[in-house]
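Fair warning: this is a prediction, and the values are worked out from it, not measured in the lab. Ligands are counted one by one from 1 in listed order, and the atoms in each one are counted from 1 as well.
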Amino acid sequence: MVQKKIVIILLFIVLLPLIFYTAYEFTSLNENERLIEEIYEQQMNILLYSVNQHAWDVSSRWIWHVSQILSTTGQPLEKSTQQFLTDNAFIESLVAMDTSLTDLNVFPQSTPDTRSMITRIKKDRSIISKLVRRRAQGYAKIEAYRFDETGKRLMFLFVSETADNEPVIVALLVSTEAFISDVLIPKINEIAREEFVIAVFDPLDDHTLFATEPVTMNEINIKRNIWLLPDHLLGISLRGISVKDLANSRFYRSLMLILILDMILLLGAWVVYRNIKKEMELARMKSDFVSNVSHELRTPLSLIRMYAETLELNRVETEAQKHQYYKIIGQETERLTHLLNNILDFSRMEADAKKYHFEKVDLNKIVAHNLNIYREHLEEDGFTFECNLAEKRLEIFADSDAISEVFINLLDNAAKYSEDEKHITVTTGSDDNVHYLEVADRGMGIPQSEHKKVFEKFYRVSSGLTHNTKGSGLGLALARYIMDAHSGRIELTSEPGTGSRFRLVFPLKEIT
Ligand code: ADP
């Protein structure tokens, strides 16, 4: 119930903000990518604009040049026009005519192409009047037309004037490719440098007319019309990587970061949950400990009191019975002392204040000494003993009181947790550079899942074979503490129903 509450609280504290945060990051990611794309597009537009502007400047220079030629009197027209055509090699022919299209001058000479240009202009006189009108308003506007189907040549039309301010219609026949390579490419190369791919496309036949590196029209996503070249497109993109790839890679990088962050937060929440759960378990075990210890204290105390009172009132008839009562009082006092010793020792160890008196001792001796004291008492309770003590001395470097305490705890447990088969085996011996002491019983045993936990402070097995035996949950924790202090270890082999075997292992290297 409490755990459910913790889970719900953690969910609220951690998961909800996490979800909101992730959702917010996602939306702002998209927003960021959109902004990046916009900025990128604006930059590309500026670059395209400057290429277009350059083309425009070039055409304005033509208009100015031609008007210079036409308005300069005294110079032969052929010569200066020839010079103009030589300077702009991509202009194949130039036709100058009056607005009624009767007075024609064709340079360098009349060809079927120049004738077809004139025919076309004659067919669409409205364009002439539009250009003349614009010119009168002060715009030096130039118009461009696709001259043939292939788009290989273009016709430029603009209005200039003679020295007498008479408007003159000028038509230029221009080679598209030569125009691009002579006029646009130098500018494009200047802008592109190493960073951009810039290309000129003719979308009518899906053809790349020029590109700073091989590309098709589909590979470049920002394309604009070239003002001067009708139907042609100027495209630009970043070299090597497209803005979409760039945005995508940024997006996935950010996504990964968010996911990693989410995972760390979840991990943190999990750790917090585990800690809270552990603390709660500890709190529960502590409160069990208090009630268990109270019970452990009360039982011997009431026995002692009862027998002491009976003896005091002289109600005991036979000497044998008296002796029996004294013995019970003695045993219960022993039990109380043992319990209090455990608790005091435990608090000393928790406070790191436990002092050991290490010395060379014979493990067999410690075992024999304690068995002398406890064996009879256990046998009276119906236990049979099997002692397999090693024949040689088992010298260890240890605090014999502390080891005795561990041994007594193990014996006490073996007795407490055996119900039907009351048999205890005590074994000592040597193995692989260690000496060991084993206490085995044929009692209720311990499930595998509890093998680690039984050594934790206050922990008592409550699942599986239920036991009504009271205890403090400190005996094995103490045993582990003491064995750690001896650089040794305590091992457990047990299965429910078949009994338990605890082995204290002492290293030999400590002996000096
Ligand atoms: P306690 O005072 O409860 O005996 P211990 O620390 O000595 O505390 O033991 C911890 C738990 O390990 C016990 O509550 C019991 O469930 C289990 N245990 C210890 N020794 C044995 C044993 N010989 N047989 C079965 N269970 C045991």
Proximity winner for atom 22 (C) of ligand 1, if only heavy atoms of Y417, F346, F458 are counted = Y417
message = Judged on heavy-atom distance to atom 18 (N) of ligand 1, which of I446, V293, V461 sits nearest?
response = I446
Quick one: does [X] get a heavy atom under 4.0 Å from ligand 1?
X: F455; answer: no
X: K416; answer: yes
X: S500; answer: yes

task = Indicate the ring-plane relationship of H486 and F506, choosing parallel, tilted or perpendicular according to the 30° and 60° boundaries.
result = perpendicular
remark   = CE (M349) and NZ (K457) are apart, to the nearest 0.5 Å, by 13.0 Å
Distance under 4.0 Å to a non-hydrogen atom of [X]: what atoms of ligand 1 satisfy this?
X: G473; value: 1 (P), 2 (O), 3 (O), 6 (O), 8 (O)
X: L474; value: 6 (O), 8 (O)
X: R460; value: 1 (P), 3 (O), 14 (O)
X: Y459; value: 10 (C), 11 (C)

Between [X] and [Y], does any side-chain donor sit less than 3.5 Å from a side-chain acceptor?
X: H338; Y: N409; value: yes
X: E281; Y: Y459; value: no
X: S400; Y: K365; value: no

key: F346/F458 aromatic ring centres below 6.0 Å   = yes
Check: T428 side chain, A390 main-chain N or O, donor-acceptor pair, under 3.5 Å = yes
query = Can you find an N or O of G475 that's nearer than 3.5 Å to an N or O of ligand 1?
reply = yes
inquiry  = Between ligand 1 and A477, is the shortest N or O to N or O distance under 3.5 Å?
reply    = no
message = Here's one to test your reading of the geometry: is the NZ or CZ of K452 within 45 degrees of the ring axis of F455 and under 6.0 Å from its centre?
response = no
